[in-house]
A.B. asks: 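Got a structure here, written out as structure tokens. Questions coming.
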Amino acid sequence: MDLSLKVESFSQDRRDWLGSAHGTDAPVSVTLDVAKFTKATHYPDGYLKSGIPLGKVTASGLYGPYDGAASDGRQTAVGFLFTAQDVDARRVASTKVVGSMLIHCFIREAKLPVTIDADGKADVAGRIIFV
């Protein structure tokens, strides 16, 4: 039995990027490929921030950050990460984590944790409204 003192820190998930609660009642479950995310950009604190635009990797069916310059399927935006996901739990690096994705909602673009370009916004036009 290990009785040593352990310290865990928790962070509040910021969702000020949501324009309203519309669509938050029906997120889609997705599996994220952590290797596709950049630590300094997407999870500097050990968790993927909610609001990251996502694309689907064609070969694996896993999801990664939308990247208009990618050629693996992630060049097409399909939704936004709804909840922050711990990818550095107990310092054990995960390669895949399950998360939730919004595919229909209102988004305050200026509050997103990373930017999305015009092509990415066009990919989700009609399902996601930027305010």
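Numbers here simply count residues along the sequence, with the first being 1.
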A.B. asks: Hey, does Leu102 have a side-chain heavy atom less than 4.5 Å from the side chain of Leu18?
C.D. replies: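 Yes - at least one pair of side-chain heavy atoms lies under 4.5 Å apart.
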A.B. asks: Please report the shortest heavy-atom distance between Ile103 and Val78, naming the atom on each side.
C.D. replies: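 Between these two residues, the closest heavy atoms are CG2-O, 3.7 Å.
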A.B. asks: Looking only at atom types and distance, does a side-chain atom of Arg108 sit under 3.5 Å from a main-chain N or O of Phe130, one as donor and one as acceptor?
C.D. replies: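 No; zero donor-acceptor contacts below 3.5 Å.
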A.B. asks: Given the rule in the salt bridge (Lys or Arg N to Asp or Glu O under 4.0 Å) test, do Lys121 and Asp123 qualify, once you have shown the distances and angles that lead to the verdict?
C.D. replies: CA-CA 5 Å; Lys121 290 191 284 187; Asp123 293 337; over 6 Å; no
A.B. asks: Which pairs with one or both residues in residues 107-128 pass ring pair (Phe, Tyr, Trp, His ring centres under 6.0 Å), sequence neighbours excluded?
C.D. replies: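 Residue pairs passing ring pair (Phe, Tyr, Trp, His ring centres under 6.0 Å), neighbours aside: none found.
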A.B. asks: Take Ser50 and Thr83 through the side chain to side chain donor-acceptor pair (under 3.5 Å) test and state the conclusion after the steps.
C.D. replies: CA-CA 5 Å; Ser50 66; Thr83 55; over 6 Å; no
A.B. asks: Less than 4.5 Å apart, any side-chain heavy atom of Pro65 and any of His42?
C.D. replies: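 Yes; the side chains approach each other to less than 4.5 Å.
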A.B. asks: Is any side-chain heavy atom of Lys49 closer than 4.5 Å to one of Leu81?
C.D. replies: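 Not in contact.
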A.B. asks: State the CZ-OG1 distance between Arg15 and Thr24, to the nearest 0.5 angstrom.
C.D. replies: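 Answer for the CZ-OG1 pair, Arg15 versus Thr24, is 8.0 Å.
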A.B. asks: At what distance, to the nearest 0.5 angstrom, does CG of Asp67 lie from CD of Gln75?
C.D. replies: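 Atom-to-atom, Asp67:CG and Gln75:CD are 8.5 Å apart.
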A.B. asks: Provide the closest heavy-atom pair for Arg74 versus Ala70 in the form atom of the first, atom of the second, distance.
C.D. replies: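 Smallest heavy-atom distance, with atoms named: NH2-CB, 4.0 Å.
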A.B. asks: Counting only heavy atoms not in Lys39 (residues, nucleotides, ligands), do more than 12 fall under 6.0 Å from its NZ?
C.D. replies: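 Yes.
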A.B. asks: Between Val131 and Ile107, does the side chain to side chain contact (heavy atoms under 4.5 Å, CB included) criterion hold? Intermediate values first, please.
C.D. replies: CA-CA 6 Å; Val131 293; Ile107 289 182; over 6 Å; no
A.B. asks: Using atom types as modelled, flag every donor-acceptor pair under 3.5 Å from a side chain in residues 26-36 to any protein atom, sequence neighbours excluded.
C.D. replies:
from, atom 1, to, atom 2, distance (Å)
Asp33, OD1, Ala35, N, 3.1
Lys36, NZ, Asp72, OD2, 3.3

A.B. asks: Let me know which of Phe37, Phe80, Tyr63, Phe82 forms a side-chain contact (heavy atoms from CB on, under 4.5 Å) with Ile52.
C.D. replies: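 Of all the options given, the one that passes is Phe37.
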A.B. asks: Which atoms form the tightest heavy-atom contact between Ala77 and Ile116, and what is the distance?
C.D. replies: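 Ala77 and Ile116 have their closest heavy atoms at CB-CD1, 4.3 Å.
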A.B. asks: What are the two closest non-hydrogen atoms of Asp117 and Tyr66, and how far apart are they?
C.D. replies: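 For Asp117 versus Tyr66, the nearest heavy atoms are OD1-OH, 2.6 Å.
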A.B. asks: Under 4.5 Å between side-chain heavy atoms, hopping through other hydrophobics if needed: is there a path connecting Leu54 to Leu48?
C.D. replies: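 Yes, because Leu54 and Leu48 connect within a single hydrophobic cluster, where side-chain heavy atoms sit under 4.5 Å apart.
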A.B. asks: So which atom in His104 and which in His22 form the shortest heavy-atom distance, rounded to 0.1 Å?
C.D. replies: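 The answer is NE2-NE2, 2.7 Å.
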